Amino acid sequence: MAKNFLLLLILAVFLGCPSPEADLNELVDTTLDFAESQLEEAVQTISDSTRFPNSTDESGDWNVTKSSSWIAGFFPGCLWYMYERTEEDRWKEWAEKWTAGMEPEKDNPGTHDLGFMIFNSFGHGHRLTENPHYKDVILQTANTLATRFDPDVGCIKSWDWMDENDYPVIIDNMMNLELLFWAAKNGGNSEWIDMAIRHALNTIENHVRPDGGTYHVVLYDQDTGEVLERITHQGYADESTWARGQAWGIYGFTMTYRETEDERFLETAQKMADYFIDHLPEDFVPYWDFNAPNIPDEERDTSAGAIAASALLELSELSADQQKKLFYRYTAENILRSLCQKPYLAKGTDSAAVLLHGVGNKPGGKQIDVALIYGDYYLIEALLRYERLPKS
Ligand code: GLY
């Protein structure tokens with residue numbers, strides 16, 4: 001993919017192609033309108049703010065889950081994004097309602113996913129309303145998340161359900177660091193920044209391979225911090241690169257660079273982005289695992305595409321190198337162009353979601369080729385990011 005990039009740009013300029021940007025602008029706008037109608041329908045259908053959309057069932061309706069699920073914060077996050085776009089009070093009221101439904105999780109020490117859960121709900125709420133209670137909730141949650149950091153290992157523990165001596169850390173966990181950075185910089189404990197940085201540095205050291213691909217899970221020794229094993233949970237194989245894990249890493253390291261300005265994080269985000277882009281198929285929507293054995297007869301994971309598109313838009317802004325800037329932006333735009341059309345967009349189907357064709361956990365036999373609320377969330381985020389960027 002990378003080697004074709006300059007050639008494509010040169011051809012587009014010299015052959016005088018009509019601007020693909022105009023066409024993408026329209027797709028972005030109509031997709032956000034579609035997201036608005038799908039989310040309004042979900043608000044009316046679900047109604048109960050202790051229930052949160054997760055993935056779609058065979059009829060295309062949302063399966064719902066409780067606030068303690070890692071995905072619960074994405075629905076209020078989508079509602080806040082709609083409030084940001086429309087500035088309409090009804091979206092604010094709905095976002096507040098489902099955000100309040102997340103509050104019990106501020107004291108939940110049993111999960112590392114508190115960033116996903118609380119920063120995507122209360123975090124957006126605070127950003128858009130400056131409600132002081134939201135800030136209190138975020139600070140309290142950061143305090144809870146910090147209890148999962150072990151100084152001997154130098155990481156936040158991901159799961160409590162493995163062997164007692166194993167200390168699992170998954171690449172996804174990079175996403176939860178944003179809550180710690182924000183909280184530390186907004187009245188919380190400054191040590192939360194040190195924890196986030198140590199976690200991110202250990203993730204560079206132990207999850208990222210020399211070619212920029214990643215391991216999904218690293219098992220550390222609880223007492224010594226030594227790496228015991230590198231395995232997968234949702235990917236195809238221990239040595240493969242699971243597409244969503246790679247997307248979480250690109251997003252997480254880009255965010256960590258934004259928060260720290262430490263070049264090691266920028267280099268890692270770029271290395272992981274280059275791997276991701278090099279392994280994309282022609283339509284820019286990733287297969288669920290880059291090393292899945294039956295490509296092209298494997299499922300795509302649109303959620304990985306949406307997360308990566310959002311991350312690449314930010315990475316293009318933060319990268320100083322002009323060619324990299326263009327390359328990341330060009331790739332993000334091409335991912336979005338595909339996701340905003342058939343067969344990926346749910347328009348014209350019976351699905352309650354925005355984005356079809358996601359994969360939750362194929363090895364676990366769960367959520368294969370379904371819509372996923374986090375796919376919708378990151379698609380909406382990426383489209384809003386795209387709209388805010390200066391047009392080339
Ligand atoms: N653990 C988050 C995910 O499945 O991507």
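In each ligand, atom 1 is the first atom listed, and ligand 1 is the first ligand listed. Heads up: numbering here begins at 1 and tracks the sequence. Remember, predicted model here, so these are calculated numbers, not experimental data.
Phe116 pairs in a ring pair (Phe, Tyr, Trp, His ring centres under 6.0 Å) with only one of the listed residues (Phe52, Phe75, Tyr377, Trp248), which is Trp248.
Only the side chain of Trp242 comes within contact range of ligand 1, with a heavy atom under 4.0 Å; no backbone atom does.
For Lys366, the NZ atom counts as loosely surrounded, since its 6.0 Å shell holds 12 or fewer non-hydrogen atoms of other residues, nucleotides or ligands.
Interface atoms of ligand 1 facing Gln234, defined by a heavy-atom separation under 4.0 Å, are 3 (C), 4 (O).
Using a 4.0 Å cut-off between charged nitrogen and carboxylate oxygen, Asp150 and Arg198 do not count as a salt-bridge pair. Of the charged side-chain nitrogens involved, none lies within less than 4.0 Å of a carboxylate oxygen, so that Arg258 and Glu317 do not count as a salt-bridged pair.
Remark: distances from the non-hydrogen atoms of Phe116 to ligand 1 are all 4.0 Å or more.
Ring pair Trp70/Phe74 is perpendicular by interplanar angle, where above 60° counts as perpendicular and below 30° as parallel.
Residue Arg244 has at least one nitrogen or oxygen atom sitting less than 3.5 Å from a nitrogen or oxygen atom of ligand 1, judged on distance alone. Geometrically, ligand 1 and Asp172 share a nitrogen or oxygen pair separated by less than 3.5 Å.
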